Protein chains: 2
Amino acid sequence: MNIAQHLSTHDIKPSYQRIKIYEYLYEKMNHPTVDLIYKNLVGEIPTLSKTTVYNTLKLFIDKGITSTVTIEDNEVRYDAIMDAHGHFKCTACGAIYDIKYDFKDVAMNELKGFEVKETQVHVKGKCNQCLTNKN
Amino acid sequence: MNIAQHLSTHDIKPSYQRIKIYEYLYEKMNHPTVDLIYKNLVGEIPTLSKTTVYNTLKLFIDKGITSTVTIEDNEVRYDAIMDAHGHFKCTACGAIYDIKYDFKDVAMNELKGFEVKETQVHVKGKCNQCLTNKN
DNA sequence: CATAAATTTGTAATCATTACAAATATAAAT
DNA sequence: ATTTATATTTGTAATGATTACAAATTTATG
């Protein structure tokens, strides 16, 4: 995918920082925190400011090409995938997995007459890798 | 329900503050923030400290009689209902509704071999009340 | 009572996020 | 090109929720 193009399509001027931040989000798919994005890019962009990362992510969210994942109380994570999907966080290794779910099945009958804009499904536990390795 | 009893059953000594905090959680069912709990109880317990509210909620969570609701990025809410259920937050009036969902349907087939400890379902949008009133 | 243990409290520290204004870069106009 | 305006980035300071910690208070125990 052409990232500059993608940003332009969504009414975002493709500056160097914006391209790099989106590229990181999109290619790593690791649901990073602001801090992780910053630490991974500051080598390549030495003048990068954490404020820019915050500003840029807020812009991405406003324009609808990024969403937040609040699976933990104390940190906000970011995701470039915009299709409805859930997240599983392994409490052992910390990895976050994308999971599909059937949107229709999630409480939709209870929300008759409600206007649903956004659904988040968060599951926590231990991933199969950690379960087989450790135990 | 006898709250002191309930706390004792879960290995929590039923102090005055703990009883009052649990009582607030359980009776109001309003998914309050720490600040809201504090503001509502400090009239009745003038010496109450916000630290006590934090400590107490952490204890409740450890002992399994309270859970957190992180439907917003910037605030943690608390809930005394421990059955698996989801939450709908109205972006217009701010109210939080409990919603039931079918646990089996939520991505369970994708998590074969995973150990699931906790599931949270968050839905945002506008409630029927706000939709009929406003529009 | 006296002593020990648990609980509560207040203050200070921490950490993520936001506000804001200066600096820099980009685009438009002359 | 050069100036002028606009947008973007940056750094610092402010905010606000949460945690750390030690003193004060309360409750339980000998």
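Chain identifiers are assigned alphabetically (A, B, ...) following the order of the sequence lines, protein sequences preceding nucleic acid strands; residue numbering begins at 1 within each chain. Nothing here was measured: the structure is a model prediction, and the numbers come from that model.
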To the nearest 0.5 Å, how far apart are [atom1] in [X] and [atom2] in [Y]?
X: A:Thr70; Y: A:Tyr78; atom1: OG1; atom2: OH; value: 10.5 Å
X: B:Asp98; Y: B:His31; atom1: CG; atom2: NE2; value: 3.5 Å
X: A:Gln120; Y: B:Lys124; atom1: CD; atom2: NZ; value: 6.5 Å

Counting N and O atoms only, with roles assigned by atom type, does the side chain of [X] sit under 3.5 Å from a partner on the main chain of [Y], one being a donor and the other an acceptor?
X: B:Thr66; Y: B:Leu57; result: no
X: B:Thr52; Y: B:Leu48; result: no
X: B:Thr68; Y: B:Val76; result: no
X: A:Arg18; Y: A:Thr56; result: no

Chain B on DNA chain C: first and last contacting nucleotide, 5' to 3', under 4.0 Å to a heavy atom?
C:dA6 to C:dT11
Are [X] and [Y] side-chain neighbours, meaning at least one heavy-atom pair lies under 4.5 Å?
X: B:Met82; Y: B:Ser67; answer: yes
X: B:Val53; Y: B:Ile21; answer: yes
X: B:Lys20; Y: B:Ile45; answer: yes

For atom CD of B:Gln17 and atom C1' of D:dT25, their distance in whole Å:
10 Å
Would you kindly give the NZ-to-P distance between A:Lys63 and D:dA7, to the nearest whole Å?
12 Å
So if I take residues 1-13 of chain A and measure heavy-atom distances to DNA chain C, which residues fall below 4.0 Å?
none
Counting only non-hydrogen atoms, which of residues 67-81 of chain A are less than 4.0 Å from DNA chain C?
A:Val76
Look at the rings of [X] and [Y] and say which category their plane angle falls in: under 30° parallel, 30 to 60° tilted, over 60° perpendicular.
X: B:His87; Y: B:His122; answer: tilted
X: B:Phe88; Y: B:Tyr97; answer: perpendicular
X: A:Phe60; Y: A:Tyr22; answer: perpendicular

For DNA chain D, determine which residues of residues 20-51 of chain A have any heavy atom closer than 4.0 angstrom to one of its atoms, and list them numerically.
A:Thr47, A:Leu48, A:Ser49, A:Thr51
Give the angle between the helix axes at the two ends of the helix from C:dC1-D:dG30 to C:dT30-D:dA1, taking five base pairs at each end and rounding to 10°.
10°
Apply side chain to side chain contact (heavy atoms under 4.5 Å, CB included) to B:Ile19 and list each qualifying residue two or more places apart in sequence or on a separate chain.
B:Ile3, B:Ala4, B:Leu7, B:Pro14
Any side-chain N or O of B:Tyr54 below 4.0 angstrom from OP1/OP2 of D:dT19?
no
Side chain to side chain contact (heavy atoms under 4.5 Å, CB included) assessment of A:Lys126 paired with B:Val116:
CA-CA 7 Å; A:Lys126 287 192 184 153; B:Val116 171; over 6 Å; no
